[in-house]
Asker: 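Just dropping this structure here.
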Amino acid sequence: MGIVRRLCYSWNLLQVVKFGSRNSYNYSYRSFNKSVDPPNPSCSNSFLTHGIHVFQCPDSVGIVAKLSDCIASRGGNILAADVFVPQNKRVFYSRTVFVFDPVTWPRMQMEEDFLRISKAFNAMRSVIRVPALDPKYKIAILASKQDHCLIDLLHGWQDGRLSVDITCVISNHYRGPESEVIRFLEMHGVPYHYLTTAAENKREEEILELVQNTDFLVLARYMRILSSNFLRSYGKDIINIHHGLLPSFRGINPSKQAVDAGVKLIGATSHFVTEGLDAGPIIEQMVERVSHRDNLQSFLQKSENLEKQCLSSAIRSYCELRILPYEEKNTVVF
């Protein structure tokens, strides 16, 4: 019986649920929601901590057994696991959440153990994250005039809902010293860089200088299209958010157009940025109903709330290693 089961009897309520076919499995505890990782065990005198491992490799027999044995042989215990194998495609995806004692299973040893499995199965992706030990992801936020998403991210960072380090905020819109954003950033020591941009000069070289030490970028309603050269030069992931009124309502004031047209459903999409305009792999989408009772103000409030929730959810999923690339333009989001 593993170390977790000796220390915390409450973790032995494992159930296995099969969804549809052998192509998708979820292993979880009865008390946990599928979309939320279990909390650290509340055991006194325990030094156990969480680890997350994601894996992508050609499908073959014995992958789950090897991953499970790797964790168990070091005294760890699996709390939740997701597996996905697409129909008619020999590709295996998994995400495993486990607890372990970092004294008996040091971080470097963990890397070596999973590396051996990666080589054995010719893995395309094998990533480990130990949130309590690893540095937080460093991000920069790019924003324009609309600041509802920016403000929400700043407050999410402040209260711990977003486990990231914000290195700076970059904007093509001037904000005065008395604005909410500037006062917040100054209070927390986060630099704000105002860069005026134009169609012929997007200041991309300066932006690249400011974000070179980040792990990924977030576009919080940044209304400039990043060039292909910028994307290649940066070379890391960029997460964007946009409302769900495109392509039906384009141009000036799409929300008013949608209200006048009597739409009944609005949405928001968060996706990775690629060279195609708003065509990158989707991370998160959310929708909400609207009705004839909504005026432009209430319509805008609902739309902005969706954008905030959708973007924050996408960032959390990214930091929790829930997102894996699937084919060319798709994602697996565990």
Side-chain angles (χ1 to χ4, degrees), residues 1-19 24-43 46-57 63-85 92-107 109-115 117-118 121 123 125-137 160-164 283-284 312-326 331-334:
M1 184 172 291
I3 184 170
V4 176
R5 296 183 188 276
R6 292 199 303 270
L7 295 172
C8 307
Y9 73 92
S10 62
W11 297 107
N12 66 1
L13 300 177
L14 179 65
Q15 68 174 0
V16 180
V17 183
K18 180 177 179 183
F19 295 99
S24 181
Y25 296 87
N26 175 260
Y27 305 82
S28 62
Y29 290 85
R30 291 190 182 96
S31 59
F32 300 134
N33 185 286
K34 175 173 174 284
S35 63
V36 178
D37 286 338
N40 269 318
S42 56
C43 305
S46 173
F47 297 97
L48 301 179
T49 190
H50 263 114
I52 306 171
H53 177 248
V54 294
F55 201 59
Q56 178 184 354
C57 68
I63 304 172
V64 172
K66 284 290 185 183
L67 292 172
S68 301
D69 183 66
C70 174
I71 295 170
S73 67
R74 297 293 184 179
N77 195 48
I78 294 174
L79 301 183
D82 286 283
V83 171
F84 174 61
V85 179
F92 173 94
Y93 300 87
S94 73
R95 178 181 183 270
T96 307
V97 180
F98 56 95
V99 287
F100 71 101
D101 186 341
V103 175
T104 59
W105 196 12
R107 189 70 171 78
Q109 183 63 58
M110 182 184 295
E111 292 280 355
E112 294 175 7
D113 291 345
F114 281 115
L115 180 60
I117 298 177
S118 299
F121 290 103
R125 184 179 301 260
S126 178
V127 182
I128 309 162
R129 186 152 183 83
V130 182
L133 303 178
D134 295 346
K136 293 180 180 180
Y137 286 113
R161 287 183 290 115
L162 295 178
S163 184
V164 296
I283 303 171
E284 179 66 271
S312 292
S313 176
I315 295 171
R316 284 195 300 271
S317 291
Y318 189 95
C319 293
E320 294 170 1
L321 301 187
R322 295 183 180 275
I323 308 164
L324 288 168
Y326 172 40
T331 53
V332 172
V333 183
F334 284 124

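Heavy-atom basis, side chains included; hydrogens, waters and symmetry copies ignored.
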Asker: Taking the six-membered ring for Trp, is the centroid-to-centroid distance between F92 and F121 below 6.0 Å?
Answerer: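 Ring-ring flag for F92/F121: false, centres at least 6.0 Å apart.
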Asker: Could you grab the distance from atom CE of M110 to atom CZ of F100, nearest 0.5 Å is fine?
Answerer: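 M110 CE to F100 CZ: 3.5 Å, rounded to 0.5 Å.
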Asker: How long is the span from the CG atom in D134 to the NZ atom in K136, to the nearest 0.5 Å?
Answerer: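 Nearest 0.5 Å value for the CG-NZ distance: 12.5 Å.
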Asker: Are side-chain heavy atoms of K66 and V64 found at a separation under 4.5 Å?
Answerer: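 No; the side chains remain at least 4.5 Å from each other.
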Asker: When you compare the side chain of L133 with that of P102, does any pair of heavy atoms fall below 4.5 Å?
Answerer: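 P102 vs L133: side chains touch.
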Asker: Once you round to the nearest 0.5 Å, how far does CG of D82 lie from CZ of R322?
Answerer: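 The CZ atom of R322 is 8.0 Å from CG of D82, to the nearest 0.5 Å.
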Asker: Testing the basics here: between I283 and A314, what is the closest heavy-atom pair and its distance to 0.1 Å?
Answerer: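 Looks like CG2-CB, 3.7 Å.
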Asker: Decide yes or no for T96 and I71: does some side-chain heavy atom of the first lie under 4.5 Å from some side-chain heavy atom of the second?
Answerer: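 Yes, at least one pair of side-chain atoms sits under 4.5 Å.
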Asker: Test side-chain contact (heavy atoms from CB on, under 4.5 Å) on I117 and F55 and set out the steps.
Answerer: CA-CA 10 Å; I117 298 177; F55 201 59; 3.9 Å; yes
Asker: Under a 4.5 Å cut-off applied to non-hydrogen side-chain atoms, are I52 and I128 in contact?
Answerer: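 No - every pair of side-chain heavy atoms lies 4.5 Å or more apart.
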Asker: Does the pair C70 and W105 meet the rule for a side-chain contact (heavy atoms from CB on, under 4.5 Å), with working shown?
Answerer: CA-CA 11 Å; C70 174; W105 196 12; 4.1 Å; yes
Asker: Please round to the nearest 0.5 Å and tell me the distance separating atom CD of E284 and atom CD1 of I315.
Answerer: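 Between atom CD of E284 and atom CD1 of I315 there are 11.5 Å.
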Asker: So, for D113 and R74, which heavy atoms are closest and what is the spacing to 0.1 Å?
Answerer: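 Taking every non-hydrogen atom into account, OD2-NE, 2.8 Å.
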Asker: Between E320 and R316, does any side-chain N to carboxylate O distance fall below 4.0 Å?
Answerer: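 Judged by the 4.0 Å cut-off on N to carboxylate O distance, E320 and R316 do not form a salt bridge.
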Asker: So, taking the atom named CD1 in I63 and the one named OG in S68, what distance separates them when rounded to the nearest 0.5 Å?
Answerer: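 I63 CD1 to S68 OG: 11.5 Å, rounded to 0.5 Å.
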Asker: Would you call P325 and T331 a side-chain contact if the rule is heavy atoms closer than 4.5 Å?
Answerer: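 Side-chain contact under 4.5 Å: no.
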Asker: Closest heavy-atom contact between S317 and V333?
Answerer: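 Of all heavy-atom pairs spanning S317 and V333, the closest is OG-CG1, 4.4 Å.
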Asker: Which residue in the set F334, F114, F98 passes ring-ring contact (aromatic ring centres under 6.0 Å, His included) when paired with H53?
Answerer: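 Among F334, F114, F98, the one that satisfies the ring-ring contact (aromatic ring centres under 6.0 Å, His included) with H53 is F114.
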Asker: Over all heavy atoms of both residues, which pair between C319 and S163 is shortest? Give the atoms and the distance, please.
Answerer: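 Taking C319 first and S163 second, the nearest heavy atoms are SG-O, 4.2 Å.
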Asker: Would you call the rings of Y318 and Y137 parallel, tilted or perpendicular if under 30° counts as parallel and over 60° as perpendicular?
Answerer: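 The arrangement is perpendicular - the two ring planes meet at more than 60°.
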Asker: Could you grab the distance from atom CD1 of I78 to atom CG of L67, nearest 0.5 Å is fine?
Answerer: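 CG of L67 is found 7.5 Å from CD1 of I78.
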Asker: Measure the shortest side-chain to side-chain distance between V99 and L79 over non-hydrogen atoms and say whether it is less than 4.5 angstrom.
Answerer: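 SC-SC contact between V99 and L79 confirmed.
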